[in-house]
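Sequence lines set the chain letters: A, B, ... in the order given, protein chains first and strands last, and positions in each chain run from 1.
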Amino acid sequence: MPSTYEKIYSIVKKIPYGHVATYGQIAKLAGIPRHARQVGYALSTLNNDETPWHRVINAKGEISGRSNPDFVHLQRMLLEEEGIIFGNDSRIPLEKYCWKPEKS
DNA sequence: GGTCTGACTAGGT
DNA sequence: AACCTAGCCAGAC
């Protein structure tokens with residue numbers, strides 16, 4: 001059976017182009033609503049290029065720092081590439097871009 | 001096998 | 001409205 005991380009990756013890969021999802025939402029979709037932190041941590045250990053980790057943001061609609069400002073900047077760039085517009089506070093309007101998963 | 005860590009969240013101050 | 005605290009749980013050492 002897949003580990004928690006496997007589930008997380010699976011959900012993240014399902015995020016459609018031009019949309020974003022919060023850690024909590026992904027955790028919930030993965031069947032682990034209390035594991036928002038694990039979601040982020042899972043992505044941190046992520047070493048593959050197939051998982052759109054840049055489409056994952058925190059509940060505030062902002063990019064979660066980590067310890068590397070360069071990564072944050074990169075993520076913002078990638079999201080803008082997908083057509084997502086950031087607010088003046090480097091924030092994303094979740095109401096507009098939040099991924100709405102269709103029932104599976 | 002106990003302890004520490006961590007890309008979070010919600011609630012209180 | 002911004003900052004602080006506690007709760008949460010699966011990996012890594």
Looking at residues at least two apart in the chain, or sitting in another chain, which of them share a side chain to side chain contact (heavy atoms under 4.5 Å, CB included) with A:Ala36?
A:Tyr23

Tell me which residues in residues 55-62 of chain A put a heavy atom below 4.0 Å from DNA chain B, sorted by number, or none.
A:Asn58, A:Ala59

Show every salt bridge (Lys or Arg N to Asp or Glu O under 4.0 Å) that has at least one partner inside residues 15-26 of chain A, sequence neighbours left out.
none

For a quick test of your reading: what N or O donor-acceptor pairs under 3.5 Å do the side chains of residues 2-15 of chain A make, sequence neighbours left out?
residue, atom, partner, partner atom, Å
A:Tyr9, OH, A:Ala42, O, 3.2
A:Lys13, NZ, A:Glu50, OE1, 3.4

Between protein and nucleotides 1-6 of chain C, map the contacts as a letter string: B base, S sugar-phosphate only, - none, heavy atoms under 4.0 Å, written 5' to 3'.
------

Considering only nitrogen or oxygen atoms on both sides, find all protein atoms under 3.5 Å from nucleotides 3-6 of chain B and state each distance.
residue, atom, partner, partner atom, Å
B:dG6, N7, A:Arg37, NH2, 3.3
B:dG6, N2, A:Gln38, OE1, 2.1

A:His54: partners by side chain to side chain donor-acceptor pair (under 3.5 Å), with sequence neighbours left out:
A:Glu82

Whole angstrom is fine here: how far is it from CZ in A:Arg76 over to C1' in B:dA7?
18 Å

Can you name the residues that form a side chain to side chain contact (heavy atoms under 4.5 Å, CB included) with A:Arg37, not counting sequence neighbours?
none

Let me check something: any side-chain donor-acceptor pairs from residues 83-92 of chain A under 3.5 Å, sequence neighbours excluded? List them with distances.
residue, atom, partner, partner atom, Å
A:Ser90, OG, A:Arg76, NH1, 3.1

Which salt bridge (Lys or Arg N to Asp or Glu O under 4.0 Å) pairs, counting each pair once, include a residue from residues 20-31 of chain A, with sequence neighbours left out?
none

Atom pair distance, as rounded to whole Å: OH in A:Tyr5 and C1' in B:dA7
11 Å

Of all the choices, B:dA7, C:dC9, B:dT9, which nucleotide is nearest to the side chain of A:Thr22 once you look at every atom?
B:dT9

